[in-house]
Amino acid sequence: MAMNEADRRARPIEWVGRTEMAYDQVSYNLVKRIAATLGQKAPKPGEALPDLWHWAFFQEPFEAAGLGSDGHPARGGFLPPADKRNRMWAGGRLAFFHPLIVGEDAFRTSTILSVEEKEGRSGQLLFVTVEHEYTQRGRLALREEHDIVYREQGKASPGPKAQGLPAAQWRREILPTTTLLFRYSAVTFNGHRIHYDQDYARQEEGYPALVVHGPLIATFMLGEFQAQHPSATVQTMCYRAARPLFAPEPFTVAGSVSGNGQAQVWAGNADSVAMEAELTFALEADPA
């Protein structure tokens, strides 16, 4: 397939190594809104921000004129241009060093690590991996590699065939209501229309219904592991999205500990696993 001019500009030689820096305050007001959205207790100023809640921060507030037709910021700024492509949250890897503290300033430095064209079930795919380093109090708090995929426009890939769900040591059912999707879009300042505009999701991106946010699924997966293991400190998380989940169909988050400070967590429904992750963790020592 011939590359168009936008795709030529997206070659690694042009985009790999680009960096940008963002500043934010881990605002208690926004933390309260995230907590209300997720049904959790909000940490107070001076306390630790729960893992993965950082995705609600460091969002650049582009004006409407700077948005593309999908609701995302128009491409070709920091991220490479991907004309006539639809964006997907594909997965990532995180290393947790220190929790971000609510009410304090923090910084994020982002670097494009790779840009690669591949062939997939739904056609040509452009894979972009971005590294984010989050610092606060002069130290590295979190390092993240985020995988973004841009697929050709048209009918979305249905994903793997039904395979059932694996056995688990714990599980929780999540009901992704349209209100939940709207509120998560709001607290993360995510304008992607597949999460709140059903006509757009169906007619423009080929999905059967509203799409549940990838980061929201990952947050529920990790949060349930931590609820089941309150003495565990998560050190790393490596996750991968296999297929979308849709609102308002319930889905399950579940997992198992395999020993030696490792656990497998996943999310899915009656069809199959939609997202899976591997965790490493340390347990707090019992007081003497």
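All heavy atoms count here, side chains included; hydrogens, waters and symmetry mates do not.
- Side-chain heavy-atom separations under 4.5 angstrom define the hydrophobic clusters, and Ile101 shares its cluster with no other residue.
- Contacts of Phe107 classified as ring pair (Phe, Tyr, Trp, His ring centres under 6.0 Å), with partners at least two apart in sequence or in another chain: Tyr23.
- Summarising the hydrophobic clusters (Ile, Leu, Val, Met, Phe, Trp, Tyr; side-chain heavy atoms under 4.5 Å, direct or chained), the residues clustered with Phe189 are none.
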Anything under 3.5 Å between a donor and an acceptor, one on a side chain of residues 139-146, the other on a protein residue two or more places apart or in another chain? List them.
unit_1: Arg143; atom_1: NE; unit_2: Glu133; atom_2: OE2; d: 2.9
unit_1: Arg143; atom_1: NH2; unit_2: Glu133; atom_2: OE2; d: 3.0
unit_1: Glu144; atom_1: OE1; unit_2: His54; atom_2: NE2; d: 3.1
unit_1: Glu144; atom_1: OE1; unit_2: Tyr134; atom_2: OH; d: 3.1
unit_1: Glu144; atom_1: OE2; unit_2: Trp55; atom_2: NE1; d: 2.9
unit_1: Glu145; atom_1: OE1; unit_2: Arg93; atom_2: NE; d: 3.0
unit_1: Glu145; atom_1: OE1; unit_2: Arg93; atom_2: NH2; d: 3.2

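- Listed by chain and number, the hydrophobic cluster partners of Phe182 come to none, as no ILVMFWY side chain reaches under 4.5 Å of it.
- Note on residues 274-283: pairs passing side chain to side chain donor-acceptor pair (under 3.5 Å), not counting sequence neighbours, are Thr236-Thr280, Arg240-Glu276.
- Judged as a side-chain contact (heavy atoms from CB on, under 4.5 Å), and not counting sequence neighbours, the contacts of Thr178 are Leu210.
- Residue pairs meeting the side chain to side chain donor-acceptor pair (under 3.5 Å) criterion with at least one partner in residues 41-53, sequence neighbours excluded, are Asp51-Gln226.
- With sequence neighbours excluded, no residue forms a side-chain contact (heavy atoms from CB on, under 4.5 Å) with Asn260.
- With sequence neighbours left out, His195 forms a side-chain hydrogen bond (donor to acceptor under 3.5 Å, both in side chains) with no residue at all.
- For Arg171, there are no side-chain hydrogen bond (donor to acceptor under 3.5 Å, both in side chains) partners two or more places apart in sequence or in a different chain.
- Applying the ring pair (Phe, Tyr, Trp, His ring centres under 6.0 Å) rule to Tyr200 yields no partners; only residues at least two apart in sequence or on another chain are considered.
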